[in-house]
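What you see is a predicted model; the values in this text were computed from it and never measured. Position 1 is the first residue of the sequence; numbering continues from there. Each ligand, and each atom within it, is numbered from 1 in the order the structure gives.
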Amino acid sequence: MSAVILDGKAVAQAILQELQPEVALLRQEFGMAPGLAMISLGDDPSTHLYLRNKKRACKQVGVECFHHRLTAETTQEQLLALIAHLNKDPSVHGILVQLPLPPHIQQEEVVRNIAPAKDVDGFHPLNIGRLVTNTAPPLSCSPAGILELLLRYRIPLEGKRAVILGRTELVGKPVAMLLLHQNATITFCPDDLSMARPEIQQGDLLIVDIHKPRAITGDMIREGAVVVDAGSNYIDGQVVGDVDFVSVQEKAAAITPVPGGVGPMTVAMLVKNTVIAFKRQQTATEPLSHRY
Ligand code: GUN
């Protein structure tokens with residue numbers, strides 16, 4: 001068997017093209033475009049590559065993008081002051097603080113200070129609560145992108161055994177919640193892959209985000225599994241996933257490539273979340289600057 005390639009790049013382009021006329025209409029109706037503020041600290045090259053892709057996608061759709069490029073020495077107080085300013089800025093409808101942050105910054109406090117209505121990453125505790133209760137949260141971009149990709153390829157999820165490798169706040173935990181709401185059976189695995197082997201072998205759907213290049217190989221998976229690789233590791237200047245694409249595609253029914261799978265979907269969902277946040281703020285009933 002040779003797997004169907006789940007082409008995140010093509011699906012992301014389709015989503016951006018769907019958003020473009022919607023943004024044009026919103027601009028006409030409300031006299032302004034949705035605005036996204038992105039904050040980065042320091043000069044990590046991979047961070048700046050991600051942010052360039054995000055800016056390009058915003059531009060394509062007509063979303064205003066404001067990049068606040070701060071130095072790695074920025075203090076917690078300075079960062080919180082900028083967030084407080086953006087929370088009140090009526091031209092900003094979404095705020096993204098690019099992670100990871102330098103070690104002297106307390107990430108949890110930063111996330112808690114973003115107005116929940118402008119939290120286009122879905123990281124605020126209030127929005128995580130909404131994710132758990134399935135009450136229209138802004139969905140974290142990579143998990144939302146993974147779900148959207150699976151749905152657009154009509155991959156059946158109900159009753160399927162979804163095995164999740166990696167328990168991060170960015171991917172593993174929120175994607176589990178999204179798949180739970182699709183009525184899948186969810187299994188989390190221990191970090192030690194040798195202990196996880198029996199579970200991996202049972203998976204109809206594998207979601208992999210373990211920061212270990214090409215660690216999941218064809219011999220580990222079930223024939224006909226659907227494999228989503230959310231990993232991105234840099235080796236000799238090249239990005240490679242957590243899944244060994246060559247051996248896994250021989251056995252899988254479908255697989256996401258790296259690059260060109262989850263990455264572009266994450267970017268498209270960020271733009272979509274900004275448009276959703278804009279629309280909600282035009283009819284807002286809750287205070288934007290609420291802190292919890
Ligand atoms: N760093 C890597 N992925 C993400 C993401 O989805 N959001 C933010 N804010 N930072 C990231």
Test item: side-chain donor near acceptor, [X] and [Y], under 3.5 Å:
X	Y	result
Tyr50	Ser40	no
Ser142	Thr266	yes
Ser140	Asp121	no

Taking atom 6 (O) of ligand 1 as the reference point, the nearest protein heavy atom with its distance: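 The answer is Asp121 OD1, 3.7 Å.
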
Which residue owns the protein heavy atom closest to atom 10 (N) of ligand 1, what's the atom, and how far is it?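 Of every protein heavy atom, Leu99 N, 3.0 Å lies nearest to atom 10 (N) of ligand 1.
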
Which part of Leu170 is near ligand 1, with near meaning a heavy atom under 4.0 Å away: side chain, backbone, both or neither?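 Just the side chain.
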
Part of Leu96 within contact of ligand 1 (heavy atoms, under 4.0 Å):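 It is the side chain that gets close, since no backbone atom is under 4.0 Å.
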
Ligand 1 atoms nearer than 4.0 angstrom to some heavy atom of Val97 are 8 (C), 9 (N)

Run the salt-bridge test on Arg197 and Asp219 with the 4.0 Å N-O cut-off and return the result as yes or no. yes

Quick check: does Cys141 get an N/O under 3.5 Å from an N/O on ligand 1?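 Cys141 vs ligand 1: no N/O contact under 3.5 Å.
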
Using a 3.5 Å cut-off on N or O atoms only, is Gln98 in polar contact with ligand 1? yes

Quick one: do Leu205 and Ile255 end up in the same hydrophobic cluster if we chain Ile, Leu, Val, Met, Phe, Trp and Tyr together by side-chain heavy atoms under 4.5 Å apart?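 No: no chain of side-chain contacts under 4.5 Å links Leu205 to Ile255.
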
Verify same cluster id: Ile210, Ile186 (apolar side-chain graph, 4.5 Å): no

